[in-house]
Amino acid sequence: MCDSKVNRCECVNKTFEQLKQYENFEAAQAATHCGTECEGCIPYIKLMFASGENEFDIDDPRLNAYE
Ligand code: FES
């Protein structure tokens, strides 16, 4: 990822703002396949649903709960 902030699933090119339209991680993944390729975004998407925020530092300490 080249941005300093993480704000999307790069593999399916869906922003967290878009993914937030779904009810939860499982629904977002079923609809968009987010998190099924490199899987690097999965902790961020889970944190997105937990926090309601749309972008994160790449090393956000809250990610530890989702890895
Ligand atoms: S960034 Fe989401 S699966 Fe690769």
Exercise for the section: With sequence neighbours excluded, give me every salt bridge (Lys or Arg N to Asp or Glu O under 4.0 Å) pair touching residues 11-37. Expected result: none
Handout entry: Heavy-atom check, side chain of Tyr22 versus side chain of Thr32, under 4.5 Å
Key = yes
Handout entry: For His33 against Val12, the heavy-atom pair lying closest together
Key = O-CG1, 3.7 Å
Exercise for the section: Determine the minimum heavy-atom distance between Cys9 and Phe16, stating which atoms define it. Expected result: N-CE2, 3.8 Å
Problem - Matching residue for Lys5 among Asn54, Asp60, Asp57 - test: side-chain hydrogen bond (donor to acceptor under 3.5 Å, both in side chains) - result: Asp57
Exercise for the section: Name all residues meeting the salt bridge (Lys or Arg N to Asp or Glu O under 4.0 Å) criterion together with Glu39; count only those two or more places apart in sequence or in a different chain, and write none if there are none. Expected result: none
Exercise for the section: To the nearest 0.5 angstrom, please state how far the CG atom of Asn7 sits from the CD atom of Gln18. Expected result: 10.0 Å
Practice task
Check for a donor-acceptor pair, side chain of Gln29 on one end and backbone N or O of Cys34 on the other, with a separation under 3.5 Å.
Solution key: yes
Practice task
For Lys46, check side chain to side chain contact (heavy atoms under 4.5 Å, CB included) against everything at least two apart and list the hits.
Solution key: Phe25, Ile42, Tyr66
Completion exercise
Note: Leu19 and Ala28 closest approach over all heavy atoms is O-CB, 4.0 Å
Completion exercise
Separation between CZ (Arg8) and SG (Cys41), nearest 0.5 Å, reads 11.5 Å
Problem - Nearest heavy atoms of Arg62 and Ser51, plus distance in Å - result: NH1-CB, 3.9 Å
